[in-house]
Asker: 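Let me begin by handing over the structure; questions about it come next.
Positions are given from 1, in the same order as the sequence printed here.
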Amino acid sequence: MRFSASRVDCGYSESSAERKWTLDPDLAHEFVDVAHALADAAIAETLSRFREPNLKAENKAIHSWDPVTEADRKAERAMREILAKRRPDDSILGEEEAYFSGSSEFVWVLDPIDGTRGYVSGTPTWGTLVAVSDSSGPLFGIIDQPYIGERFEGGLGRSFSSGPFGMSKSIVRKDRSMPEATITTTMPEVGTPRERVAFENLASRTRIARYGMDCYGYALLACGHLDLVVEAGLKPVDVHAPIAVVRAAGGIVTDWNGGSPHDGGRVLAAATPELHKAALQVLSQA
């Protein structure tokens, strides 16, 4: 399934921090409520198996290591069961099961464990991703990290993070120039050799580069702790929730050419238009 930015009433602009759209308030409230219910349902399956001795992981890839665990599959199944009851007409695009084509204009984009490599390694930077989207892209998204007890949400007029210190407004930081910036990506390899060179060229212009964050990097950017997230080789399930969370906090998310990132692939998230423009000048060369 492909997502396009073609619906005029959503007012999508790659240069805007957050889209504007027309949506019934009751429906918006329902979307938020269902999204939180989905994230809650995933916790029982993921957290109970996290750091389990001898956790088994299967490889979904042929020429690389792309792990999947019982927790991935059961968490997505639990979320789909809720949607079957509460939003039966909506489509579902998930990481582990087949696409479900509904009759409504909305699709739920689910990744039960974004960062399964981190999950099986015992690092707490994986997360559950939940987003509700239409043909224009993400409307609302959640990044949930249950082991730490943090949840980040954005879209439909909301931009909040909650965790051990309570709930707070999520706002990107606006006071970093490129030489002062912190950049992150999940793996040093990034993607192809050429994409790795592009990332390294950009990272060399920043103060700090961090790795191994998966979806948690986008959450930290939305909360004002990071300035740039650069990824390649992503799927739609990897990006819809982060796009909603970052844009709601005032950030910018595009592909490496400044276009729509909704289909995944190469993704750039930036805290400010200035950082975004400067990063594009480097990354677009790839």
Side-chain angles (χ1 to χ4, degrees), residues 42 46-47 49-52 55 57-61 63-69 71-72 75 95 111-129 141-152 161 163-164 172-173 176 181-193 195-235 237-243 245-246 251 253 256 261 264-271 275 279 283 286:
T46 59
L47 198 54
R49 295 174 175 84
F50 183 51
R51 295 184 177 173
E52 182 181 81
L55 177 68
E58 300 174 24
N59 188 17
K60 296 189 293 183
H63 301 296
S64 62
W65 174 241
D66 186 13
V68 61
T69 69
D72 292 85
E95 171 73 5
D111 193 347
I113 300 178
D114 179 78
T116 304
R117 292 179 181 86
Y119 183 85
V120 300
S121 302
T123 61
T125 52
W126 55 276
T128 295
L129 302 181
I142 288 176
I143 302 172
D144 190 59
Q145 211 310 303
Y147 184 76
I148 301 174
E150 289 184 312
R151 182 169 294 183
F152 310 85
S161 63
V172 298
R173 63 184 178 190
R176 295 295 192 274
T182 299
I183 188 172
T184 187
T185 192
T186 296
M187 296 186 293
E189 295 84 358
V190 184
T192 66
E195 289 165 340
R196 178 175 183 171
V197 169
F199 172 82
E200 290 174 345
N201 286 340
L202 178 58
S204 69
R205 292 164 165 80
T206 66
R207 177 175 292 173
I208 301 173
R210 304 298 298 163
Y211 301 93
M213 293 294 183
D214 291 297
C215 61
Y216 199 60
Y218 297 95
L220 292 178
L221 189 150
C223 292
H225 303 295
L226 300 176
D227 306 290
L228 292 163
V229 179
V230 176
E231 305 264 50
L234 300 184
K235 304 173 185 176
V237 295
D238 300 318
V239 298
H240 274 235
I243 289 169
V245 170
V246 170
V253 190
W256 288 15
R266 300 168 171 177
V267 173
L268 164 65
L275 287 172
L283 297 176

Asker: Taking all non-hydrogen atoms of both residues into account, name the closest pair between I142 and A241 and its distance.
Answerer: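 Minimum heavy-atom separation between I142 and A241: O-CB, 3.5 Å.
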Asker: Is atom CZ of R51 surrounded by more than 12 heavy atoms (other residues, nucleotides or ligands) closer than 6.0 Å?
Answerer: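 Result for CZ/R51: enclosed.
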Asker: List in chain and number order the residues that pass side-chain hydrogen bond (donor to acceptor under 3.5 Å, both in side chains) with D238, two or more places apart in sequence or in another chain; answer none if no residue qualifies.
Answerer: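 For D238 there are no side-chain hydrogen bond (donor to acceptor under 3.5 Å, both in side chains) partners, ignoring immediate neighbours.
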Asker: What's the separation between atom CZ in R176 and atom CG in L226, rounded to the nearest 0.5 Å?
Answerer: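 Between R176 CZ and L226 CG, I get 10.5 Å after rounding to 0.5 Å.
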Asker: Nearest heavy-atom pair of R196 and E189: which atoms, and what distance?
Answerer: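 Taking every non-hydrogen atom into account, CB-O, 3.4 Å.
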Asker: Run the ring-ring contact (aromatic ring centres under 6.0 Å, His included) test against Y216 and tell me which residues pass, sequence neighbours left out.
Answerer: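 Expected list: none.
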Asker: Flag yes if more than 12 heavy atoms outside F50 fall under 6.0 Å of its CZ atom; otherwise flag no.
Answerer: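 Result for CZ/F50: enclosed.
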Asker: Donor-acceptor check, side chain of T185 to backbone of V230, threshold 3.5 angstrom: yes or no?
Answerer: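 Checked: pair present.
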Asker: What distance separates H240 NE2 from L234 CG, expressed to the nearest 0.5 Å?
Answerer: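 Going from NE2 on H240 over to CG on L234, the span is 11.0 Å.
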Asker: Taking all heavy atoms of C215 and all of L129, pick out the closest pair and write down the distance.
Answerer: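 Distance-wise, the nearest heavy atoms are CB-CD2, 3.7 Å.
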Asker: Between T116 (side chain only) and Y119 (backbone N and O only), is there a donor and an acceptor less than 3.5 Å apart?
Answerer: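 Side chain of T116 to backbone of Y119, a donor-acceptor pair under 3.5 Å: no, none is there.
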Asker: Is it true that a side-chain atom of T184 and a backbone atom of R210 form a donor plus acceptor pair closer than 3.5 Å?
Answerer: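 Present.
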Asker: Measure across V267 and P261 and return the closest heavy-atom pair with its distance rounded to 0.1 Å.
Answerer: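 The pair with the smallest heavy-atom distance is CG2-CB, 4.3 Å.
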Asker: Work out which heavy atom in A232 is nearest to a heavy atom in E195; give both atom names and the distance.
Answerer: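 Closest heavy-atom pair between A232 and E195: CB-OE1, 3.5 Å.
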Asker: Can any side-chain N or O of Q145 pair as donor or acceptor with the backbone N or O of W126 at less than 3.5 Å?
Answerer: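 Flag set: sc Q145 to bb W126 pair under 3.5 Å.
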Asker: Is it true that a side-chain atom of T186 and a backbone atom of G212 form a donor plus acceptor pair closer than 3.5 Å?
Answerer: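 No: the side chain of T186 does not pair with the backbone of G212.
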